[in-house]
Amino acid sequence: MTTRGIEWPASTAEAVAEQERLRDLVDLGAAGPDPAAGGTVAGVDVAYDENSDRLAAAAVVLDLATLEVVEQATATGRAAFPYLPGLLAFRELPPVLDALDRLSARPDLVVCDGYGIAHPRRFGLACHLGVLTGIPAFGVAKTPFVFDHEEPGPRRGDWTPLLDGDEVVGRALRTQESVKPVFVSVGHAITLAKACAHTLRLASRYRLPESTRRADRLCRDALAAAVAGGSRTPLTGA
DNA sequence: GCGACAG
DNA sequence: ATCTTGTCGC
């Protein structure tokens with residue numbers, strides 16, 4: 001199957017093979033963009049409509065220094081892959097890449113709603129997006145997935161390692177006092193410490209980064225608009 | 001074999 | 001992800 005002009009897996013076996021092929025291209029050495037250096041950061045997210053298998057993605061770009069919104073874009077489409085734990089990228093990436101393509105300028109950093117290296121095969125959504133676009137990326141997830149962690153301290157900024165056995169794959173990071181931690185992992189071309197620093201800056205008021213909160217709202221709106229006005233589902237005729 | 005399982 | 005009432009707290 002072909003999506004966005006590139007070959008896309010049609011089975012779980014092909015998807016797994018693709019992850020194992022691409023994972024060696026992940027850059028774990030680069031420091032990544034620094035907030036003080038200027039530039040932009042984009043938050044991306046996807047919303048689904050269970051009845052029509054339609055989905056909508058959004059990319060919201062913030063100024064890295066001021067955190068002001070500078071641009072945003074959306075893309076809608078049809079789910080081309082089911083949700084399977086460990087294969088999330090094959091479901092979400094097509095519309096996300098479309099939304100990123102619609103921006104006037106490529107961002108210097110992307111924050112994903114999910115995991116990066118914290119993944120059964122060390123190639124989660126944020127790694128996949130980073131390798132395909134070449135843009136530094138990391139993931140901020142809301143649940144521990146299959147990993148272990150100790151409860152971080154109660155204060156904003158407190159963290160504990162996220163572990164896969166004895167291997168550190170990310171951090172459980174407290175972004176707000178007495179609020180559940182988020183789970184940060186490196187995706188591509190950025191350091192874990194720097195990814196956490198960006199996460200804290202972006203989550204100055206709420207649990208989740210402002211970038212993903214904005215993207216979440218935008219893709220929901222885009223989906224609602226697509227379901228309401230977009231192409232009709234051929235169930236009732238007309 | 002049975003559960004768990006990013007979104 | 002999405003479905004959902006009430007409830008607690010600033």
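Atom set for the values below is all heavy atoms of this structure, side chains included, hydrogens, waters and symmetry mates excluded. Below, chains carry the letters A, B, ... as their sequence lines are ordered, and counting in each starts from 1.
The distance from atom CG of A:Asn51 to atom C1' of C:dC3 is 11 Å, rounded to the nearest whole Å. The distance between atom CG of A:Asp53 and atom P of C:dA1, rounded to the nearest whole Å, is 18 Å. Distance A:Arg78 CZ to C:dA1 P: 21 Å, rounded to the nearest Å.
Taking the six-membered ring where the residue is Trp, A:His128 and A:Phe90 present perpendicular rings, their angle passing 60° and hence far from 30°. Using cut-offs of 30° and 60° for the angle between ring planes, the A:Phe183 and A:Tyr115 rings count as tilted.
Ring centers of A:Tyr48 and A:Tyr83: at least 6.0 Å apart, outside the cut-off.
Remark: A:Arg174 engages A:Glu151 in a salt bridge, criterion side-chain N to carboxylate O under 4.0 Å. Here A:Arg217 does not pair with A:Asp221 in a salt bridge; the nearest charged N to carboxylate O distance is not below 4.0 Å.
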For nucleotides 1-7 of chain B, just jot down a letter per nucleotide in 5' to 3' order: B, S or -, based on protein non-hydrogen atoms under 4.0 Å. ----BBB
